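Quick note: numbers below take in every heavy atom, side chains included, and nothing from hydrogens, waters or symmetry partners. Protein chains get the first letters and strands the later ones, always in sequence-line order, with residue 1 at the start of each. Here the structure is a predicted model, which means the values were calculated and not measured.
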Protein chains: 6
Amino acid sequence: MPTALVISAHAADFVWRCGGAIALHAAKGYDVTVVCLSFGERGESAKLWKEPGMTLERVKAARRAEAEKAAEKLGVRDLVCFDLGDYPLRLTDEDKDRLVDVIRAVQPAFMMSHSQYDPYNTDHMYATEVALECRMIAQAWGHKPGEKVLGAPQLYLFEPHQTEQMGWKPDVFLDITSVWDRKRAAIECMEGQEHLWEFYTRVAQNRANHFMRNSGGQSGGRPAKYAEGFQSVFPRTVDEL
Amino acid sequence: MPTALVISAHAADFVWRCGGAIALHAAKGYDVTVVCLSFGERGESAKLWKEPGMTLERVKAARRAEAEKAAEKLGVRDLVCFDLGDYPLRLTDEDKDRLVDVIRAVQPAFMMSHSQYDPYNTDHMYATEVALECRMIAQAWGHKPGEKVLGAPQLYLFEPHQTEQMGWKPDVFLDITSVWDRKRAAIECMEGQEHLWEFYTRVAQNRANHFMRNSGGQSGGRPAKYAEGFQSVFPRTVDEL
Amino acid sequence: MPTALVISAHAADFVWRCGGAIALHAAKGYDVTVVCLSFGERGESAKLWKEPGMTLERVKAARRAEAEKAAEKLGVRDLVCFDLGDYPLRLTDEDKDRLVDVIRAVQPAFMMSHSQYDPYNTDHMYATEVALECRMIAQAWGHKPGEKVLGAPQLYLFEPHQTEQMGWKPDVFLDITSVWDRKRAAIECMEGQEHLWEFYTRVAQNRANHFMRNSGGQSGGRPAKYAEGFQSVFPRTVDEL
Amino acid sequence: MPTALVISAHAADFVWRCGGAIALHAAKGYDVTVVCLSFGERGESAKLWKEPGMTLERVKAARRAEAEKAAEKLGVRDLVCFDLGDYPLRLTDEDKDRLVDVIRAVQPAFMMSHSQYDPYNTDHMYATEVALECRMIAQAWGHKPGEKVLGAPQLYLFEPHQTEQMGWKPDVFLDITSVWDRKRAAIECMEGQEHLWEFYTRVAQNRANHFMRNSGGQSGGRPAKYAEGFQSVFPRTVDEL
Amino acid sequence: MPTALVISAHAADFVWRCGGAIALHAAKGYDVTVVCLSFGERGESAKLWKEPGMTLERVKAARRAEAEKAAEKLGVRDLVCFDLGDYPLRLTDEDKDRLVDVIRAVQPAFMMSHSQYDPYNTDHMYATEVALECRMIAQAWGHKPGEKVLGAPQLYLFEPHQTEQMGWKPDVFLDITSVWDRKRAAIECMEGQEHLWEFYTRVAQNRANHFMRNSGGQSGGRPAKYAEGFQSVFPRTVDEL
Amino acid sequence: MPTALVISAHAADFVWRCGGAIALHAAKGYDVTVVCLSFGERGESAKLWKEPGMTLERVKAARRAEAEKAAEKLGVRDLVCFDLGDYPLRLTDEDKDRLVDVIRAVQPAFMMSHSQYDPYNTDHMYATEVALECRMIAQAWGHKPGEKVLGAPQLYLFEPHQTEQMGWKPDVFLDITSVWDRKRAAIECMEGQEHLWEFYTRVAQNRANHFMRNSGGQSGGRPAKYAEGFQSVFPRTVDEL
């Protein structure tokens, strides 16, 4: 059974940015694990905070509930909430060890996280920095000797909010048309960020145009109605081009 | 009366990529000149070529008619069709002199052209190369001495089709909400490329989200429903930041 | 009353690098706040340390006095000395909270800090890293709920000492001719770094040449005798190009 | 029957840089066409020129013979020698049309050419510039209407001589162990450049180490004894990551 | 007596990556100090960990012994093992102070460390980050006043394992032919990584080809059989080009 | 007798940008040849063109005279004026052959030309493109067989007018204090561009500060009053770091 692991800085990121990839691979039989390092409770829950009498715990509970519902829609097998706080996100050595444990337990065929630069949201780039560091630790034979070490899974960087400002360049487009309904359903679980539902629907539609361009040139290639783009950190190893 | 000059490799580029900027500045009283170096007759007219018995002249006539209609919708004051051929586009020294003549006649407050890199469409990057070269010639006191030389107008690079692949990074977002109807009307003149109507409508909507993000942070700033993004080649000179 | 906020790693940085911008905007009615994260007491006070019997406290007092005098010359409304130590500069979470408090209190129309890369002086790039992180925290509705959150101010990166080595590229030049006397007076407050007075005077003169080039081409545009350059981190949002 | 097309600036480039990919895909049943734009007769045949009484025609004949022998070893189906001259290489519009004809006739599943930057050898980067331009023309419905237009094949950039100086970054490693004997045999056809035989053998061995690293981490993944690296110009379009 | 300082993240790095530079400069009379921040005991000792009953202390002892033997072969004057742990490597402020002490004691004519980016091995890029920070502290007159401050030594970045993935670009090639035997002898001290002996021998041979190319063009310049490449962080200052 | 070759797009470029390097190496006994591809007669002679009745021939004669006087001040051994026209500069294959002839005749120890990017002045980047192409041709054994082929001289890129906009990064600073009087005298030969005399004097003074920083850290290293900076295209090959 192949597996995949998504490392998301805040609770909603995995939905907007790679919900289609999750649903598609789940449908293909992958066990997909999602780690939410925080709930985005302080920095990405403006709507909730505008309600009178709101507390941090209530925001976290609300965001957790949304994330769980969305994960279910996408077919996520395991949603792991680290609850480390956001704005700023910080991982202690123990938190990183916990993440290494998850990586080793999952033994992912591929991993996913954020873009490597994001001047708007330093939590995002920090999450990727941590993902690379923990990937390395998980490969170390001397870390918890006896455990199965990690191989060399690809790390895909999913789409940030303003791609060009982050220096993010997709090198692979994934057709998610067959699971679009699931991604849209997961998106609609994010009640606090309704202004982004249509935004990310349009992103998926325009990425489908790019999918067609790159599969068939300017007059369009293989039809696709919804797609997602990813940037690979590592080279691929293949037996045929 | 301020002026602006758009240099478009193919007939339709100015519509998709900066139709809003044209309409907005026209509405503000700018005289906007658009130079179409070619009609995109060979490379961007697939639909027409699929019709039986099509000829190059008929394609060019059709694309010219579309461009003229679109220019009228946008309030373009002068649409100049150089008719130089496309795929590939080539300018002789005489063609460049003609473009320098236009630049000097217009004396634009700002110029617009394509991204500086485009591996999909070498006509696009060639157009910008030519725009920079002709801007330089237009500044030369010894080129047709006696004519008024050009100052130092900004060259804005408008949005290419797959921004990240072109290394294009917008540094300014323009609110085009007030003229969106005109841009959409101009877009609909492009009958041969109907598959792009919704694509570029979504681009404008998502750029409006970016406009709001950059005017007001993650919870949204000044409302805007449609926007365009541009990358500046040269630094600005200001009296207040 | 518009406001601006400068985040300076060491006491003297705000003088050399954006003293003109401060004086100009102060003259226009902006309330300008300057945060000095350290006094540059260990790393940028060589001349003082060469005096016999010098102590850290005496160096700090001397640098503070210079900074205060310079701030007064420039019309700074509030000079906030965090006194966090330099070479290396470090901020705890509490220090960052304090900086967030200042950012929210000021609600700046724009912010300023160092270049994003500086292999000579890691304090500089660290200060900008912190500026971006604290800007993000200040935007979070869940950080000290009830306080007014920050919008999306531009972060301008001011001129480092060896621009090309830092990968710093100015995209805006500001004419500071009208306040040059104030900047020069502030520069002369930096008694321990007299070797830099003429250096930064020449920088301002040459930036004025660049101002003219970019406002009027190779034969020179609008006259300016002194200027400063800045690099913007974020895109602008405008209603006219 | 799938097809592939290699565009080589000089006669020997296809051997050193992608001989393994050619042999491997030929073995898998691909029809591989190689276009040699020149023989490298002036710039890459030093050994021959040191012989007394050498003439351009004799050098070209010798290099052609070597290329033909090497192509045969690799299983190239069609070796097309354009004989355009080297140092510098130049293509007229007619030459480009001829290359477009080849591209359309082959309808390649993928194309290969040189790195996009090479300050040592401007023929190399020029060949890639031409490859992109001709790929675009081959996609145009209005170029020789009625012919089958090109889709959107990947353009792989093969390994230049000093990778880091060319800004070349491989994103895919291909295991060529099974066809190494053929590549070595082809290499040994290049009698005039014997000093490079061992060089490119070592390159292939070290790329195999990279193959293992990227398929299995630091302690090594799937065994491979010889490999080649390629950089992709365009994004991939996939149904599974 | 000139001096040099190498800062190596793990025990073996200084051997593979700059063993030739060490041996060559030692032979020229330089006092070369090598700091190993860790032994690579957890992450770069897979072979040892596969032995039954292995412990961290035994791995460290084995790697220390290897490093000492290798250092002796190379003519290192002082091998300083900080023993800070690896995967991940972390330096406290005290550890950095200790490194600053070494830097000041050595007063190196040049320093060496890792590439500035390494997504495979975050310890490597962290070591260079620390090297730059400590170089800066060592230059501060106010750090341990009275001690001799550091001048401005070059920081050379030695060759990482997959150069193109790290964005590493050598700007200087050093002929190490005369000391190759020593480097090979040092390499053979690394018993746990025998799979890399031939890899780095081939690297040295191919860098010698690059040495010849850059000293004499495509037909080869000054003969060299083994070489190493380095990337400089800072500009050079010279009296003749 | 060592030699050097400067390739200057316009008549005055060699004075502003590398006059110090020329004078210094001439004083050391180098034979320095300067090729001016054009006189800058159309684009860099605004002052002359403002005189009534000016003609192209008179402008060229005036600029030639200035260049000759400046070359004499600097100790240039051979000033070769190609007179190819400027704004835009163009070289035919015959012009390039002529340049190759000069390169081979000079057999330079190093070459100099412009930055590789210049959006303000496309002649500048074109000159460097040509320099690289002709350097390659000069290395070809089959180009005019029997002539002495070129080795692998460094190509230094001299300082453009707005360094950061050109992406130019100096990696070597040359102390020109001892020949400053000659450079200033040569500068003063450029009567038509008096506004640049002080500009480039300030550049030289500030580069001297950079020289000191890089030879001795923040408190200043070896004294230098005037310096020039250069960017190297190719790696160096050395026997000692």
| query | Considering all heavy atoms of both residues, which atom of D:P119 and which atom of F:L132 are nearest to each other, and what is their separation? | reply | O-CD2, 3.4 Å

| field | Closest non-hydrogen atom pair between D:G43 and F:A140, with its separation | value | CA-CB, 3.7 Å

| query | Pick from F:P145, F:C134, F:P235: which one has the most heavy-atom pairs with chain D under 4.5 Å? | reply | F:P235

Please tabulate, one pair per line, the donor and acceptor atoms of chain F and chain D that lie under 3.5 Å from each other, or say none if there are none.
| unit_1 | atom_1 | unit_2 | atom_2 | d |
| --- | --- | --- | --- | --- |
| D:R42 | O | F:W141 | N | 3.4 |
| D:R42 | O | F:G142 | N | 2.8 |
| D:R42 | NH1 | F:H143 | ND1 | 3.2 |
| D:R42 | NH2 | F:H143 | ND1 | 3.4 |
| D:R90 | NE | F:D93 | OD1 | 3.3 |
| D:R90 | NH1 | F:E133 | OE2 | 3.0 |
| D:R90 | NH2 | F:D93 | OD1 | 3.1 |
| D:R90 | NH2 | F:E133 | OE2 | 2.9 |
| D:Y117 | OH | F:Q116 | OE1 | 3.3 |
| D:Y117 | OH | F:Q116 | NE2 | 3.2 |

| Among all residues two or more places apart in sequence or in another chain, which pass the side chain to side chain donor-acceptor pair (under 3.5 Å) test with D:E72? | none

